[in-house]
Number of protein chains: 2
Amino acid sequence: MHANVKLNVIPITNQGLKVACSECNMRELCLPFELTDNDMGRLDSLIGGGRKLKRGQHLYRAGDSFESIFAVKAGFFKTDVLTEDGRDQVTGFQMAGEILGMDGIGTEAHTCNAVALEDSEVCLIPFAELELLSSKIPSLQHNLHKVMSREIVRDHGVMMLLGTMRAEERLAAFLLNLSQRFTARGYSPAEFHLRMTREEIGSYLGLKLETVSRAFSRFQDEGLISVQQKHICILDIARLKAVLAPPGGRIG
Amino acid sequence: MHANVKLNVIPITNQGLKVACSECNMRELCLPFELTDNDMGRLDSLIGGGRKLKRGQHLYRAGDSFESIFAVKAGFFKTDVLTEDGRDQVTGFQMAGEILGMDGIGTEAHTCNAVALEDSEVCLIPFAELELLSSKIPSLQHNLHKVMSREIVRDHGVMMLLGTMRAEERLAAFLLNLSQRFTARGYSPAEFHLRMTREEIGSYLGLKLETVSRAFSRFQDEGLISVQQKHICILDIARLKAVLAPPGGRIG
DNA sequence: GAGTCGGGTTGACACAGATCAAAGGGGTGC
DNA sequence: GCACCCCTTTGATCTGTGTCAACCCGACTC
């Protein structure tokens, strides 16, 4: 698994590994962004070690009391919410360097489920201590606010997708978003493995799994991508982008 | 307009009025929640006065540089995002006591438009100063984090709505949400004026205005609500809730 | 007070995506 | 390494919502 980078790690508990932010290859995308070495050390000292999860394991569940947020160190997660009557909605997919759990701050309890979609590892960041430290390190405080703000903006993007786009546009937007995030992490922009099922993609995009499957097939027929199960190649990124923003604008 | 409470106010600029948080009837729903009198005073001192907006006026636009967040003191707003190709999506409606503008923190620029849907008034809260002060007042810092977290959770609720609900469920959820928020502000849970058009409701709910109109008519025919243009009475809140969570659960 | 205009309602029809169904294949667990 | 099961694909049909169109109403304007 690509993101599973070997580091000089100091074992702490049998549950996880301690890895310094300064040693982490995600530091530029994560909370420590642009912190001084000294401040990064202070952040390190509050991070309660790592936690490893097997595929399918829950990092937290809706209703769990909120104590920490989590930084994905390696692996891949989904978050979802579900209603009493059994509907569920995937609210996001998180990869290395992204923060999980901020939904819990407002109510002291998590409001969604977070599940590892492959064997993964997170850093546990006790939130009360993070608040305390961020009140002493302005740039850390600001980074936290930025991370939360970006989550809000990301959610607005999903609302736009769900509210205004048709099936193929949604899937194109999804693939381009993944591509861009993989690129930011040093992976190929064009070739990657999907960690989630068609049903999970569908839930995220507000579509049924059959519709997702059909859209994949259509894109493949048209030479935009190649699909082999979960393996995706983007063959013509320009035309894939054009699916999103049809030349000449939208009719209607 | 109900929320336009008369207070002993000190005029500051010709643009707005200075009103102390401690005098504001929204303080229990807003940033000052559970702050000591002393801390509330410190918060007051950074709030850069009020700003009044006429119906239709923009509070900020996507791309505007980000400097402040805003607390709605009175009135009603919508926020929306739009793409190059002309699609737009209403991302929320904000009423008194709610915070606007947090989308701008992450990128130093606003990412959506905020428009007054009726004559309104906001408090201007310079964000850099708020960060500085919140680093000195732990409960203020925590309140800010809670407000942002709740915005994330609210967005997840909208994603659920857009991703999994049918038209009438969406409208029922929308009406119940408004009802609950009006109640929290001391207004009738059952009777209120919509400040937005059918088209804006539709944009928010991912529906066309005709569909919204038809759903209103259907609810009225079934005796759940009465509709007269923008004036709504909820006649049978239990059955309206049942639209959302059909007894016996959802089929499929 | 007449005219205009934006917002709302309603009807007829079209179509994208859901639903139902069946079959094949690949990954996972034992 | 084998077997099973879940995931995926594809086809046929159905339906909720979009689209197009006509009309109504109330609020402003002049």
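By convention in this document, chain letters (A, B, ...) are assigned in the order of the sequence lines, proteins followed by strands, and residues within each chain are numbered from 1. Values below: all heavy atoms of this structure, side chains included; hydrogens, waters and symmetry mates excluded.
Using a 4.0 Å heavy-atom criterion, one finds that A:G202 contacts no nucleic acid atom at all. When heavy atoms are screened at a 4.0 angstrom cut-off, A:R55 is found touching the sugar-phosphate backbone but no base atom.
Taking the side-chain contact (heavy atoms from CB on, under 4.5 Å) definition, one finds that B:T211 meets it with B:A167, B:L207, B:K208, sequence neighbours left out.
When the C1' atom of D:dG11 is taken as reference, atom CZ of A:R218 falls 14 Å away, rounded to whole Å. In this structure, CG of A:L207 is placed 16 Å from C1' of D:dT8, rounded to the nearest angstrom. Residue B:L117 contributes atom CG, which lies 12 Å from atom P of C:dG7 at whole-angstrom precision. In this structure, NZ of A:K54 is placed 13 Å from C1' of C:dT28, rounded to the nearest angstrom. Distance A:K208 NZ to D:dT9 C1': 17 Å, rounded to the nearest Å. Look at CG on B:L205: it is 16 Å from C1' on D:dG16, rounded to the nearest Å. Rounded to an integer number of Å, the gap from B:R195 CZ to C:dG7 C1' is 18 Å. Regarding A:I201, its CD1 atom lies at a distance of 12 Å from the P atom of D:dC7, rounded to whole Å.
Residues A:F93 and A:Y204 bring their aromatic ring centres within 6.0 Å. Ring centroids of B:F77 and B:F70 are separated by 6.0 Å or more, keeping the two rings apart.
A:E118 and A:R55 are not joined by a salt bridge, as no carboxylate oxygen comes within less than 4.0 angstrom of a charged side-chain nitrogen. For A:R185 and A:E98, the salt-bridge test passes: some basic side-chain N is under 4.0 Å from an acidic carboxylate O. No salt bridge links A:K73 with A:E121; every basic N to acidic carboxylate O contact stays at or beyond 4.0 Å. Between A:K54 and A:D119 a salt bridge is recorded (basic side-chain N to carboxylate O distance below 4.0 Å).
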Check nucleotides 8-13 of chain C for protein N or O atoms closer than 3.5 Å to its own N or O atoms and list the pairs.
residue	atom	partner	partner atom	Å
C:dG8	OP1	B:K230	NZ	3.2
C:dG8	OP2	B:R198	N	2.9
C:dT9	OP1	B:R198	NH2	3.3
C:dT9	OP2	B:R198	NE	2.8
C:dT9	OP2	B:S213	OG	2.9
C:dT9	O5'	B:S213	OG	3.3
C:dT10	OP2	B:S217	OG	2.5
C:dG11	N7	B:R214	NH1	2.8
C:dG11	O6	B:R214	NH2	3.0
C:dA12	N6	B:R214	NH2	3.4

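Side-chain nitrogen and oxygen atoms of B:R166 include none within less than 4.0 Å of the OP1 or OP2 phosphate oxygen of C:dA18.
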